[in-house]
Amino acid sequence: MTEKCGVVGVSLEARSAARPLYYALYALQHRGQESAGIVTHDGFQQHSHVEMGLVGDVFDEDDIDSLAGSAGVGHVRYPTAGSVDSSCAQPFSVSFKSGSLGLAHNGNLVNADEIRDELAGLGHAFTSDGDTEVIAHDLARNLLEEDLVRAVKRTMGRIHGSYALTISHDDTIMGVRDPLGNRPLCIGELEDGYVLASESAAIDTLDGDRVRDVRPGELVVLREDGSGFDSYQLVEEERTAHCFFEHVYFARPDSRIDGTLVYEARRELGRRLWEESGVETDVVMPVPDSGRAFASGYADGAAETTADGDPREEDDPGVEFAEGLMKNRYVGRTFIMPTQDERERAVRLKLNPIKSTIEGKTVTVIDDSIVRGTTSTQLVNLLKDCGAAEVHVRIGAPPIVAPCYMGIDMATREELIAADRSVAEIREAIGADSLAYLSHEAVAEALGESRADLCLGCVTGEYPYDIEDEATDREVDRPEIGGAPVGADD
Ligand code: AMP
């Protein structure tokens, strides 16, 4: 069971924490739409409201008023296809001899079953099959014997995998990031306290100032009087494994993650896409909304140089940037529709082309990623139906060849269009005139990190933790990733 989510923790001088937590969860809604929850602490009294649904539907005024106390944690949970399991909704709360815990988790442990079996053998009763409960029980057990910092350290020594956690232990709020920093977590300062959140956009929403990212392996403890925070570097690793897909797709463009503004990263990825595989079409258009920043960077690149890399002459009209696809913002994510038929229908409901920007023209469409290939297949069809003379597809990430085991809901291997196809075969499957992905190197350069410090598991099949996966055994020839585009004649 993976936890693909957004987490937050707030500690204020005196004001109720429930409302800022609620607003922060609103800001993190894109990280999870299945359930939302807040746990607050009022001295030793714990209050919890956790339900299935969107943040705006889960809480009403009375719920927020009932969540007393100036400290608390919150969570939004990502939906997995067909999942309606409220037992995994978070924050997870547990009361034990020396206090109560509230725990919100984003990530995925690789050894949760092992620890669960061990704790169950010691008499712990579990109510869900989620990782979060395992962490909560392990920590509760350690807190019976150790102080807070040592207890967290001991738990960190036992759990393996990705995690960004916000934890309440009575009135004390903490944030922990896994030793490789796979999932994001940052610290913000408010007028009367501090906040920990998956993304800095949540801090902005609270009119706070982002202080910094929580470091990989670091425990941050917010002071109960809201006056500051204390840092404990509990585990140190030589490398990091920041998830590149946060920058490519998952995070909000207005968030800063591991020092890089996501919007700028996407524009840079788009610019490199132009450099690596630009094609001189009449127009370039994004797949809204996720392709927008990529397409704007790509168009900027196209304004400066030609596809051959020469400076663009002044009288050369270049490639026009156009918003040729309109999105119906009331349609949910196509990705989580349980059947392929529904997913195809949903793409059509979600995206509608503006015929006049397309008819008779050669068109490049830019998206951040291809997962199953549903969106791009439907789009190429749509654009051709609208009279596009040619449709070229450019993708701001490398082919997704393997599932994510680190906390992003991707798809199963069988569903991934690139799992056992070459780029040429994918081009054919989606019906585009040409197709190109971005190279692994360009991703690392655009994010300003070395390849070794990124988790590229979904595009390489090599994970930072020991995962049993056959991704690396495939016999598909993929040397052409990110190089020249693959066209119909290839
Ligand atoms: P697909 O239609 O299955 O190829 O999915 C590709 C589309 O889904 C792209 O437009 C992406 O922006 C979006 N996408 C990529 N990864 C995810 C994810 N983990 N969850 C939801 N949507 C995603």
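In each ligand, atom 1 is the first atom listed, and ligand 1 is the first ligand listed. Keep in mind that what you see is a predicted model, and the values were worked out from it rather than measured. For the numbers below, each heavy atom of this structure counts, side chains included, while hydrogens, waters and symmetry mates do not.
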Q. Going by the atom numbers of ligand 1, which of them fall below 4.0 Å from some non-hydrogen atom of Ser369?
A. 6 (C), 9 (C), 11 (C), 15 (C)

Q) Parallel, tilted or perpendicular: which describes the rings of Phe245 and Tyr249, with under 30° parallel and over 60° perpendicular? A) tilted

Q. Cationic tip of Arg116 within the cone over Phe126's six-membered ring, i.e. under 6.0 Å and within 45° of the normal?
A. yes

Q | Carboxylate-amine/guanidinium contact Glu199 Arg256, below 4.0 Å | A | no

Q. Is any N or O atom of Gly373, backbone or side chain, closer than 3.5 Å to an N or O atom of ligand 1?
A. yes

Q: Mind checking whether Phe250 contacts ligand 1 via backbone (N, CA, C, O), side chain (CB onward), both or neither, at a 4.0 Å heavy-atom cut-off?
A: neither

Q.
Is it the case that the ring center of Phe294 lies less than 6.0 angstrom away from the ring center of Tyr298?
A. no

Q | Those atoms of ligand 1 less than 4.0 Å from some heavy atom in Ile370 | A | 4 (O)

Q: Determine, considering heavy atoms only, which of Leu416, Thr375, Ile400, Val347 sits nearest to atom 7 (C) of ligand 1.
A: Thr375

**Q.** Per-atom contacts, ligand 1 versus Ile408 - under 4.0 Å to a heavy atom
**A.** 19 (N)

Q. More than 12 non-hydrogen atoms from neighbouring residues, nucleotides or ligands closer than 6.0 Å to CD on Glu428, yes or no?
A. no

Q) So, Glu462 and Arg451, do they make that salt bridge, N to O below 4.0 Å? A) no

**Q.** Atom indices of ligand 1, in the order listed, that fall short of 4.0 Å to a heavy atom of Arg372
**A.** 1 (P), 3 (O), 4 (O)

**Q.** Residues Arg158 and Asp138 bridged, charged N to O under 4.0 Å
**A.** yes

Q. Quick one: does ligand 1 sit under 4.0 Å from the side chain of Ser290, the backbone, both or neither, non-hydrogen atoms only?
A. side chain

Q.
Counting only heavy atoms closer than 4.0 Å, does ligand 1 sit against the backbone of Val371, its side chain, both, or neither?
A. both

Q) Is ligand 1 less than 4.0 angstrom away from at least one heavy atom of Val287? A) no

Q: Would you indicate whether the side-chain heavy atoms of Arg394 and Ser277 approach each other to under 4.5 Å?
A: yes

Q.
As a check for students: among Phe245, Tyr249, Tyr78, identify the option with a heavy atom nearest to atom 22 (N) of ligand 1.
A. Tyr249

